[in-house]
Amino acid sequence: MWFFHVKPLDIMRELKSGLFFFSLSLLVLWESLRVELGTLMEPGSGFLPFCVGLVLFALSLVLIHRGWGIREFQKPHSRRVILALASLFVYSLLLEPLGFVVATFFLVGVLFHLGQPRRWWLLIGMSAVVTFLAYLVFGVLLHVYFPRGFLGI
Amino acid sequence: MGTLVGILPGLGPAATISLLLPMIFHTSAVSSIIMLAGICYGAQYGGSTTSILLNIPGEASSVITCLDGHQMAKQGRAGPALGMAAFGSFIAGTLGIVGLMLFAPTLAKFALRFGPPEFFSLALMSLTLVTYVSKGSLIQSLVMACVGLVMSTVGMDPITSRARFTFGLTSLLDGFELVYVAMGFFGLSEVLSNLGHAFKQEILDSKIRNLLPTRQDWKDSAKPIARGTVLGFLLGILPGFGQAITTFVSYAVEKRFSKHPEQFGTGRIEGVAGPEAANNAASSGTFIPLLSLGIPVNPSTAILIGALLILGLQPGPLLISSRPDLFWGVVASMYIGNVMLVMLNLPLIGLWVQMLKVPYSLLYVLIVLLCQIGAYSVNNNVTDVLLINIFGLAGYLMKRYEFEGAPLILGLVLGPMLESSLRRALMMSDGSPMIFIARPLSAAFLIVAVFFLISPLFTRGRIGKAAIESKDD
């Protein structure tokens, strides 16, 4: 069958993604019923989400069925990507308390290092230049009001 | 900017448009749409440069140009290949705009007859076509379309004003803003996915001479350009086909029409002229459903619809008549843009190649920072930065698990139209779903949708999947 034709490496991830979308479809169905389905004559707020939830439920079962029983290795996540993502989440949490200049300086430094390890003084210099230019363009020229943080900068 | 985006591998027009979305809050509606549209068609020009010179396609729509374009470059004919790609693009792009000018207002007038059933079926057909031509498994594409549709229902129900999928969070009452979803799913996730691979940059330093094609080159390319233009324009109008698939179809057509099909792949100029014309004509074609029906046909136009909504404009059949300045402004800008692209691209080829020397380890930092600042600047709100990072993570995982972003973003954009037209149509018919079949146009759209949904059962393959997978090999 056409929908069983997948590359062997994708199988394990399909099981995982199938389980994820199965859970999501249950959530969608539950919420659709909660907000009222209405009738065919007067469809309610949950009518379309319920229909979509049913389709998603069926599709997730196909994904689970397709991925069931076969165990294959998959490439691990790139360390660089994990660290970059972690630094972005830390940045979004520290942007307010540290202020734009300080938080951006650290973020840019980390990202530069992840892209290509460089000497520390070069990293500091590049981060400072990029942060300064970003502040100049967006903060000064485009009047974006960045958070100032506890240092007031 | 469009050319630059086309040249730089790993940064597509959808990602760039999403990155530039926050800028539209600071400019007028017409200027904003002109700027974003410029990226769509400008990228088609730039993509061929790296395909020909480096055998690295800057865009999916330039993949096929590598086959003969790079072979020509190896034979010392990089100049004519680049020249013909630019001139072919210019001719097709300009003719495509004429088509846009002629067809879009007519189609918009015709679409005024559409009622809720037609709009529902049209939206459903568009969504089905996009999933059909998406890369990878059809099931996965359908899942993404469903997720997009569910995401579109988050927030207040426009008819009953009832909160859905908000789980008590007031920040979700307005639903998911396209600007964050697009920036996260296309901008940030694209960069993060590239970060997972080793950065390789091999730059050709040879001088390029004789950009003007010879008389024989013109003779060989005239018909491929004409065919590419017609094919690209027609396929560009159809949802999902976009620019990339049209180039594959154009290449196949040229090979079939050629007296020497066996020489394709060895440096035939027809293999450059046809596809390059096709992707530019398709680029103009995509604007027809966008401006006349409010239907996006690919992620870039879906984000453009989002931009129109952000600017307070209502995409649909009334857009052209209510905002003629916008429509004609975009058309005029496309004419000027095409002339500018030819005038700037060819003399500045050396500069564009130099741009490729900017290390990706530097470029990615700038893109990520632009995403963060862009998200913050929309509402001057730190929570939005967190939101875009969450969407970036989701987009990265989606790419890793080989789920396509296009159906999701189209589902998100088409969702409100699909839902309101479904509910209105059912209310109109006193609850009878037969209204979708009883009206001929609606029935026709549904037949097309069903056909594309079930056809893989019989053909064991899909056009888009086969075409795009060949690029990956």
Side-chain angles (χ1 to χ4, degrees), chain A residues 1-3 5-6 10 13-14 16-17 21 24-25 28 31-32 35-36 38-49 52-53 55-56 59-60 62-63 66 77-78 80-81 84-85 88-89 91-93 95-96 100 104 107-108 111-112 114-116 126 130 134 138 142 144-147, chain B residues 26 137-140 142-143 146-147 149-150 153 157 159-160 162-165 167 188 192-193 195-197 199 359-362 364-366 368-369 372-373 376-377 380 382-383 385-386 388-389 392-393 396 400-403 415 418-419 422-423 426-427 430-433 456-457 459-461:
Chain A
M1 287 293 276
W2 57 279
F3 53 75
H5 178 70
V6 282
D10 303 339
R13 0 181 188 185
E14 228 161 87
K16 283 189 206 166
S17 50
F21 288 115
L24 182 70
S25 70
V28 171
E31 177 71 2
S32 312
V35 294
E36 192 186 354
T39 59
L40 272 179
M41 282 174 77
E42 208 172 324
S45 306
F47 187 76
L48 180 82
V52 178
V55 178
L56 192 58
L59 292 172
S60 66
V62 176
L63 283 179
R66 204 159 69 168
H77 288 275
S78 156
R80 279 203 292 200
V81 177
L85 270 166
L88 288 177
F89 280 106
Y91 176 74
S92 44
L93 296 174
L95 187 57
E96 192 94 68
F100 174 77
T104 304
L107 174 76
V108 172
L111 292 178
F112 271 137
L114 289 174
Q116 188 185 334
M126 285 167 74
V130 170
F138 293 96
L142 293 175
V144 175
Y145 296 102
F146 288 121
Chain B
H26 305 285
S137 151
L138 181 62
I139 296 284
Q140 284 166 304
L142 286 170
V143 166
C146 288
V147 173
L149 285 175
V150 171
T153 61
D157 175 0
I159 296 177
T160 61
R162 192 161 186 174
R164 302 178 288 188
F165 298 100
F167 306 106
L188 205 52
L192 288 169
S193 299
L195 189 63
H197 308 297
F199 305 132
Y360 194 75
S361 59
L362 178 71
Y364 103 93
V365 178
L366 301 180
V368 169
L369 190 59
Q372 308 294 309
I373 297 174
Y376 175 81
S377 66
N380 285 353
V382 177
T383 317
V385 181
L386 182 65
I388 186 200
N389 289 333
L393 170 66
Y396 166 72
R400 191 176 152 81
Y401 283 71
E402 295 187 359
F403 282 84
L418 194 98
E419 183 178 23
L422 171 69
R423 286 163 77 176
L426 286 173
M427 281 190 241
D430 288 329
S432 167
L457 282 168
T459 58
R460 299 175 62 85

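Each chain gets a letter, A, B and so on, in the order its sequence line appears, and its residues count up from 1. Computed over heavy atoms, backbone and side chain alike; hydrogens, waters and symmetry mates excluded.
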Which one, [options], leads in non-hydrogen pairs under 4.5 Å with chain A?
options	value
B:V368, B:V365, B:V385, B:T160	B:V365
B:L369, B:L188, B:L149, B:I388	B:L369
B:D430, B:V143, B:V147, B:L422	B:V143
B:L366, B:L362, B:L418, B:T383	B:L362

**Message:** Are the side chains of B:F403 and A:S17 in contact, using a 4.5 Å heavy-atom criterion?
**Reply:**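 Side chain of A:S17 against side chain of B:F403, heavy atoms only: contact under 4.5 Å found.
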**Asked** Is any side-chain heavy atom of B:R164 less than 4.5 Å from a side-chain heavy atom of A:S32?
**Response**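 No, every pair of side-chain atoms sits at 4.5 Å or beyond.
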Which heavy-atom pair separates [X] from [Y] by the least distance, and what is that distance?
X	Y	answer
A:P147	B:V382	CG-CG2, 4.4 Å
A:L40	B:L426	O-CB, 3.3 Å
B:E419	A:S45	OE2-O, 3.9 Å

Do you know which of [options] has the most heavy-atom pairs with chain B at a distance under 4.5 angstrom?
options	result
A:V144, A:V52, A:V35, A:V108	A:V35
A:F112, A:Y91, A:F146	A:F112
A:E96, A:E42, A:M126	A:E96

**Prompt:** So which part of B:N389 gets closer than 4.5 Å to some heavy atom of chain A, the side chain, the backbone, both or neither?
**Reply:**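 For B:N389, heavy atoms of backbone and side chain both lie under 4.5 Å from chain A.
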**Prompt:** B:S377 versus chain A, heavy atoms under 4.5 Å apart: side chain, backbone, both or neither?
**Reply:**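 Both backbone and side chain of B:S377 come within 4.5 Å of chain A.
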**Request:** To the nearest 0.5 angstrom, please state how far the CD atom of B:Q372 sits from the CZ atom of A:F138.
**Result:**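 CZ of A:F138 is found 12.0 Å from CD of B:Q372.
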**Item:** Interchain contact, A:T39 with chain B, by part (heavy-atom threshold 4.5 Å)
**Value:**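 Answer is neither: A:T39 stays 4.5 Å or more from chain B.
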**Message:** Can you list everything that forms a side-chain contact (heavy atoms from CB on, under 4.5 Å) with B:I159? Sequence neighbours excluded, please.
**Reply:**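 For B:I159, the residues satisfying side-chain contact (heavy atoms from CB on, under 4.5 Å) (neighbours in sequence not counted) are B:D157, B:R423.
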**Residues forming a side-chain contact (heavy atoms from CB on, under 4.5 Å) with A:L85, sequence neighbours excluded** =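 Counting only residues at least two positions away or on another chain, A:L85 forms a side-chain contact (heavy atoms from CB on, under 4.5 Å) with A:V81, A:F89, B:L192, B:L393, B:Y396.
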**Message:** Between B:I139 and A:R66, is the side chain to side chain contact (heavy atoms under 4.5 Å, CB included) condition met? List the steps.
**Reply:** CA-CA 11 Å; B:I139 296 284; A:R66 204 159 69 168; 4.2 Å; yes
**Message:** Check for me whether the distance between the ring centres of A:F21 and B:Y401 falls short of 6.0 Å.
**Reply:**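 No, they do not, as the ring centres are separated by 6.0 Å or more.
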**Message:** What verdict does the side chain to side chain contact (heavy atoms under 4.5 Å, CB included) test give for A:V28 and B:F165, after you've listed the backbone C-alpha separation in whole Å, the side-chain angles of each residue and the deciding distance to 0.1 Å?
**Reply:** CA-CA 8 Å; A:V28 171; B:F165 298 100; 4.0 Å; yes
